[in-house]
Amino acid sequence: MCGITGYIGYRIASPIIIKGLERLEYRGYDSAGIMVYNQGKLEISKTKGKVADLKKILSDKIHKEANIGIGHTRWATHGEPNDVNAHPHTSNSGDLVIIHNGIIENFNSLRKELSKRGFKFESDTDTEVLINLIEDVKNNNNCKLGKAVQIALNQVVGAYAIAVFDRNNPEEIVVAKLGSPLAIGISKDNTEFFIASDASPFIEYTNNAIYLEDQEMAVISLGTDIKMYKVADDSQVEPYIQELKLNLDQIEKGGYDHFMLKEIYEQPRAVTDTYRGRLLANKGIIRVAGIDDNIEKFLKAKRIIISACGTSWHAGLVAEYLFEDLARIPVEVEYSSEFRYRNPIINEGDIVIAISQSGETADTLAAIKLAKEKGAFVFGVCNVVGSTIARETHAGAYTHAGPEIGVASTKAFTTQITILALIALKLGKAKGVISQEKYQSYLYELESIPEKIEQLLKQDKKIKEIAKIYKDSPNFLYLGRGYNFPVALEGALKLKEISYIHAEGYPAAEMKHGPIALIDENMPIVAIAPNLKHYEKVVSNIHEIKSRKGKIIAIVTEGDVDVKVLADHVIEIPHISEAFSPLITTIPLQLLSYHIAVMRNCNVDQPRNLAKSVTVE
Ligand code: AGP
């Protein structure tokens, strides 16, 4: 997820764009850049780092005169965060300039085609390919920028929110959108226009905005009305201008009260972005570059060791079930902080998978270094492109969750499981230990996960009502079996870290080995009881709790009857396979902990004593 913004009007553009980028930094902050144009002079400044770093390199003159410009703050998806890969990008002629938020899936094939036609590329980004495709189309059709953008985008597969500028027609900016957000702020008298990923850069100047729909584009020219078109066929679209009622803080959080809630609701998009370009269900294909390039190592692996911390460690536990179940590869999961100090035995052929949202967790980084010293092949699963762990591992795969601002990991967990499920399925298929029929059905089911999460998010109100009943409980227990044992641990961690209520997760069968002594009428127990492999056993555990007057909040498959008569509350989830159930059962637990924390007036996004990235031991 990146932040894009632009301005064309009578004011000086640079300060407006820079302040807009500062307001969009929550969308991405590994590099930033700006282009301004004034009387034949076009200047691009860009740098690795934050907007504050960009401000230091701006030359004086043109930034005090130019009335048109575009700016970008990056969350890298293709290409390391560095000066060259920072946006804006220019076409080979230097005439066309682009900023882009999204992922062009077919950029490799487009790049090869353009290279054959003599185009050269400086960066590793998909965006530089796109601007040169637009230039190629513009040259071949001898057309204006708007038409060239429209034709070029019909050759693109992926997601985009773009703003494009042509120095030979400096009175206009062309924008287009598919899958990534893009808003146009308009002054009352059409004397100035603002472009942005959300309204935060322009809300102080105007409340009037057009939100482009998918596959829409617009040509913005000073002094004339905005002209909007459909990308598909260039047919004109009537602009719909709405008056915004949101304030700045609400806009940065996408209208949600907290980043955590926004990120919980982003999970359908985040899971989609994580499998986009990797899961080709109709063709029965899974492509994960870091695995494809090292497939022999993975097929020969006698053991996979997973090293992580916190929520990422819980994702590792889910991966243990996935790899052993679907790929028949022995797995052990280690807390990085323990693994790094216990002089572990690592044999030739062992593979270590390090999981980290931030890619900066000190214990996991140390575990990676130890594993490498002992000869292991180390594969990273990170959410931050170019992070230290991403650079330290021999290979890896990025989750495309976008920046996770809330300290409590939510979309990181579901996107980590998504990529790990893809890898487990890919290896199971390659090893011939999973039938074609089962493999194919898993691929289709994985594609349906975003929709199932969307469906489940509709129960938010009901979950909030349950939260109200138990918000003052001093303790919680979370129980799950099989794939949902790690989800029980994750649910307990979510509650602990944002509401400060003590909570523990257990394998449901462990109750009778001690924890059942804790149960009485004051103890709420979250029982994860989908109608899957362990259903009958979990129902028995629920009976045990019921007979001791525990309060039961059960996560059940929609249409469940048996648990409904036992539990105090049920939250129904859509039908899902055992293997992918963690992607679904975790959602109500995220919402439950969120609402309890809010009702307890806790600082949800920045809980006490915690940091988003634990870069110390
Ligand atoms: C999870 O909600 C916590 N924020 C924390 O446990 C986190 O998962 C852990 O610190 C690991 O962070 P990483 O994924 O960035 O390595």
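- Legend: ring-ring contact (aromatic ring centres under 6.0 Å, His included) pairs involving residues 449-471, not counting sequence neighbours, sorted by first then second residue: Tyr470-His569.
- Classification of Glu465 and Lys461 as a salt-bridged pair holds, one side-chain N sitting under 4.0 Å from a carboxylate O.
- In this view, Tyr26 and Asp198 satisfy the side-chain hydrogen bond (donor to acceptor under 3.5 Å, both in side chains) rule, not counting sequence neighbours.
- With values rounded to the nearest 0.5 angstrom, Leu591 atom CG is found 9.5 Å from Thr410 atom OG1.
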Pairs under 3.5 angstrom only: tabulate donor-acceptor contacts from the side chains of residues 285-299 to other protein residues two or more places apart or in another chain.
unit_1, atom_1, unit_2, atom_2, d
Asp292, OD1, Lys426, NZ, 2.7
Asp292, OD2, Val288, N, 3.3
Asn294, ND2, Gly290, O, 2.7

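- Here the closest heavy-atom approach between residue Thr557 and residue Asn531 is recorded as OG1-N, 2.7 Å.
- Annotation: ring-ring contact (aromatic ring centres under 6.0 Å, His included) contacts involving residues 390-444, sequence neighbours excluded, comprise Phe377-His394, Tyr442-Phe580.
- Pairs of residues two or more places apart, or lying in two chains, that qualify as side-chain hydrogen bond (donor to acceptor under 3.5 Å, both in side chains) and include a residue from residues 316-327 are Asp325-Tyr483.
- A donor and an acceptor atom, one from each side chain of His502 and Asn475, are located under 3.5 Å apart.
- For Ala319, the side chain to side chain contact (heavy atoms under 4.5 Å, CB included) criterion is met by Ile306, Phe323, Leu420, not counting sequence neighbours.
- One finds the CZ atom of Phe339 at 6.0 Å from the OG atom of Ser307 (value rounded to the nearest 0.5 Å).
- A salt bridge between Lys452 and Glu447 is absent, with no side-chain N of the basic residue lying under 4.0 Å from a carboxylate O of the acidic one.
- Salt bridge annotation for Asp214-Lys177: present, with a cationic side-chain nitrogen under 4.0 angstrom from a carboxylate oxygen.
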